[in-house]
Amino acid sequence: MSSLQFWKPGTVGPGSTLDRATEAEGSVISSAPIGAAVSIQAARERLPIFKHKEKLLYCVENYGVTILVGQTGCGKTTQLPQYLHEAGWAADGNVIACTQPRRVAATSVAARVATEVGSILGDEVGYTIRFEDVSDKKRTRILYLTDGILFRETLLDPLLSRYSVVMIDEAHERSVYTDLMLGVLKKIRRKRPSLRVIVSSATLDAAGFLDYFSSGNPPGEATIVSLEGRMYPVHIAHLEQPTPDYVAKAIDVVWNINLQRSSGDVLVFLTGREEIDRCLEGLAELLPTLPRGATRLKLHALHSGLPMDEQLAAFEPAERGFRKVIVSTNIAEASVTIEGIKYVVDSGFVKIRTYNPTTSLSSLSTIPVSRASAIQRAGRAGRTSYGACYRLYPASTFESLPPTTQPEITRTDLTTPILQLKSLGIDDLMKFEWVSSPPAEAVLRALESLVASGMVGEDGRLTVIGEKVAECPVEVNIARMLFASKDYQCGEEILTIAAMTTVQDVFVIPDGAAGALAELERRKFTAEEGDHLTLLNAYNAFTRYGRSSSWCKAHALSFRALSRAVSIRAQLKKYMQRFGLPIENCQGDAKRLRQCIVSGYWRNGAKWMADGTYRSVRGNVVLHVHPNSVLFTRKPRSGWVIFHEMEETKKTQIRILTEIEPDWLLEYGHKFHDKRTGVGVSVR
DNA sequence: GAGCACTGC
């Protein structure tokens, strides 16, 4: 067993967030004309330090766009909206909006600010997230919402006329909706210059946002505000040599931290469930060799696939005499904060989903993290006291990492975003000002698929059904299926299937012997026809047995997923009623149901092969059935299926399958054949 | 015959 002696001490470079974190608390406020002050570092050096919040107000009041740099904990999210309120920005019925990429952030921040203001949550201060609107249309002055909700609001009110200020918080995370919102806000400000925009980021790439808003606009002035957060210094150490196996190295390092370093919990960043389990097994094997008198270890896994109670267990403080070790995915980088972490072990890798528009395949691959991510991970060690971060790669590797992660909009399926942009009247997508442009191929393929599915006409404009589908908060294929349910008289069941395919991880599979048990439980719901109907059975059983969490546990179902499906179903039901779609029961006619599913997913047909794999109708790709499918072990009687989605991991896998008749595919293939190549679906 | 990073409407 090696010791920690080989660690080469080092610090993060000047100008990085961590470096600045060691500075005294206080706020730096700067203002400079657009174009002149593109460098935030330069602006910081030039400009005076103010400690009075009035100065902050002044800056925002005078200029249209504000770029805000401040790391977690500096109070930008909670304080700035309050300053704006005090300064009168919420007068005359105006609302100050602050967007968050995640639901938990929107709710928890709103609760805190409501307390600080001395108001009841939902009165002067409120929040809006999907399924939950805790705000008052007349009384709420400061509103926290998810960026997805605000984007949806632009579909109804294209100028966002109820807001005087929109603050896009955590913009550095660059979620799809953050990027779409920024694009739309730039457009809105041309028509309504009185709308103030604040873009808030924890990393220094914020200067890019300033460039974005200033380009193509008449000369004006923008403001750069920089707030310093309160954080403790974190000592950074790198490996001298790269390691061939970072999981083994992580085990080694955690073990040595425990033997050689003072008390404090350890957080390990790995990429996925498999690595986490391997790391925890390795540590568990070492436990019997722990010297007498050494601190004992309490081991926790943390990833989104775990049931809620197991996730929460990782947040509980360890018992006296124990050191907590949490082995986590990227979920601990930004989504959750764990108190008491003093040591971070960073593999330097992350699993990321990318979409290939040419093959319409999304794949999950392990890639090196960005420098911004590595800094963010290290920062997790310095929230309650000084800490240390052990990077399982050399310092030279850190320097060669990309500065930031590729924005999601550049590596995702654009079908839904483009449908929504068109609904906003943005028809010429080549002229839309993206913060980061997605690949042209991705835009073209998305347009093609919208034309093929009848959402967009040959003129490039939305069709009547396209307008309606754009309003529905589901993907296009599901919306098509909902609309088709009128013809097949099965709205009630299709509504459930739509909700159940939207949530993931319905069937819980515990490890080991319990896994086999879960498999047996799942068979109770199995429908011969395939996974869609199996999901329908599970949902119906869930509601029949009182939506109880203990019932779910006994039947290896995820209570969280099913509860979410109930909410989504209720929301989609409202849309169906609004569009005058009947919600009829199919009277047990599974054939009608399956035909209705094909109406949305006819492009996802596949043919069974003798070796147990499938071939896709489009492209003749070799497909493997996901082990979770009820058709994993069975040949479909007709030899044909349609599937909900395909994904590339080690192999190309298809999930959620239903057996169909091949001529159903032909029916839709003729109706909506591929306009570009002139080739329809061939079923032979 | 075997597996899924994380969000959001």
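Chain naming here is simple, since letters A, B, ... match the order of the sequence lines and numbering starts at 1 in each. Just so you know, these numbers come straight off a predicted model, no measurement behind them.
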Checklist line | Any A:Ser304 side-chain N or O less than 4.0 Å from OP1/OP2 of B:dA5 | finding: no
Check: Between A:Lys650 and B:dA2, does any side-chain N or O lie under 4.0 Å from OP1 or OP2?
Finding: no
Notebook entry, point to check: Should we say atom CZ of A:Arg634 is surrounded by more than 12 heavy atoms from elsewhere, each under 6.0 Å from it?
Noted result: yes
Note to self: If you only use heavy atoms from C-beta on, which nucleotide in B:dC9, B:dT7, B:dA2 is closest to the side chain of A:Ser335?
What the structure shows: B:dT7
Check: For the pair made of CZ in A:Phe507 and C1' in B:dG3, what is the distance, rounded to whole Å?
Finding: 15 Å
Check: Pick the nucleotide of DNA chain B nearest each of A:Ile129 and A:Glu647; which residue has the one closer to the 5' end?
Finding: A:Glu647
Margin query: Just to be sure I understand the rule, does A:Arg655 reach a base, reach only the sugar-phosphate, or reach nothing, if contact means heavy atoms closer than 4.0 Å?
Written below: base
Checklist line | Side chain of A:Thr502 - closest among B:dG1, B:dA5, B:dC9 | finding: B:dC9
Check: In whole angstrom, what separates A:Ile331's CD1 from B:dC4's P?
Finding: 17 Å
Margin query: It should be established whether A:Gln653 places a side-chain nitrogen or oxygen under 4.0 Å from OP1 or OP2 of nucleotide B:dA2.
Written below: no
Next item on the list: Check every strand shown and say whether A:His626 touches a base, only sugar-phosphate, or nothing at a heavy-atom separation below 4.0 Å.
Entry: base
Check: What is the nucleic acid contact for A:Phe151, judged by heavy atoms within less than 4.0 Å: base, sugar-phosphate only, or nothing?
Finding: nothing
Check: For A:Ser175, which contact category applies under a 4.0 Å heavy-atom criterion: base, sugar-phosphate, or nothing?
Finding: nothing
Margin query: Does the plane of the ring in A:Trp434 sit parallel, tilted or perpendicular to the ring in A:Phe432? Use 30° and 60° as the thresholds.
Written below: perpendicular
Next item on the list: To the nearest Å, give me how far apart CG (A:Leu306) and P (B:dG3) are.
Entry: 19 Å
Margin query: Please classify the nucleic acid contact of A:Asp505 as base, sugar-phosphate, or nothing, using heavy-atom distances under 4.0 Å.
Written below: base
Next item on the list: Specify the separation, in whole Å, of atom CD1 of A:Ile409 and atom P of B:dG8.
Entry: 17 Å
Check: What does A:Ile568 touch in the nucleic acid at a heavy-atom separation under 4.0 angstrom: a base, only the sugar-phosphate, or nothing?
Finding: nothing
Checklist line | Residues which pass side-chain contact (heavy atoms from CB on, under 4.5 Å) with A:Val456, listed by chain and number, not counting sequence neighbours | finding: A:Lys422, A:Leu450, A:Val451, A:Leu462
Next item on the list: Take the protein atom CZ of A:Phe269 and the nucleotide atom C1' of B:dC6, then report the distance between them rounded to whole Å.
Entry: 13 Å
Notebook entry, point to check: Can you tell me if the side-chain N/O atoms of A:Thr649 get under 4.0 Å from OP1 or OP2 in B:dG3?
Noted result: no
Check: Is the distance from OP1 or OP2 of B:dC9 to the nearest side-chain N or O of A:Arg103 less than 4.0 Å?
Finding: yes
Margin query: From C-beta outward on A:Asn628, which listed nucleotide comes closest to its side chain: B:dC9, B:dT7, B:dG3?
Written below: B:dG3
Item checked: Minimum side-chain heavy-atom gap A:Tyr127-A:Glu132 below 4.5 Å -> yes
Checklist line | Parallel, tilted or perpendicular, as decided by the 30° and 60° cut-offs, for the rings of A:His644 and A:His532 | finding: perpendicular
Check: Under 4.0 angstrom, heavy atoms only, what part of the nucleic acid is A:Thr416 near: base, sugar-phosphate, or nothing?
Finding: nothing
Note to self: Strictly distance-based, threshold 3.5 Å: is any side-chain N or O of A:Gln376 a donor or acceptor partner for the main-chain N or O of A:Ala372?
What the structure shows: no
Note to self: According to side-chain contact (heavy atoms from CB on, under 4.5 Å), who are the partners of A:Glu153, at least two apart in sequence or on a separate chain?
What the structure shows: A:Leu145, A:Leu150, A:Leu160, A:Arg162, A:Tyr163
Note to self: From C-beta outward on A:Lys651, which listed nucleotide comes closest to its side chain: B:dG3, B:dA5, B:dC9?
What the structure shows: B:dG3
Notebook entry, point to check: Near DNA chain B, under 4.0 Å by heavy atom, which residues of residues 347-356 of chain A?
Noted result: A:Lys351, A:Arg353
Next item on the list: Using the ring of A:Tyr355 (Phe, Tyr or Trp, six-membered ring only), decide whether A:Arg411 places NZ or CZ under 6.0 Å from its centre and within 45 degrees of its axis.
Entry: no
Check: Whole-Å distance between B:dG3 C1' and A:Arg522 CZ?
Finding: 12 Å
Next item on the list: Remember a base hit wins even if backbone is also touched, and classify A:Ile149 as base, sugar-phosphate or nothing at under 4.0 Å, heavy atoms.
Entry: sugar-phosphate
Check: Within this structure, what is the NE2-to-C1' distance between A:His303 and B:dA5, rounded to whole angstrom?
Finding: 11 Å
Check: Taking CD from A:Gln406 and C1' from B:dT7, how many angstroms apart are they, rounded to a whole number?
Finding: 18 Å
Margin query: For a side-chain hydrogen bond (donor to acceptor under 3.5 Å, both in side chains) check, start with the C-alpha distance between A:Arg383 and A:Thr337, then their side-chain angles and the critical distance, and finish with the verdict.
Written below: CA-CA 9 Å; A:Arg383 293 192 51 93; A:Thr337 304; 4.8 Å; no
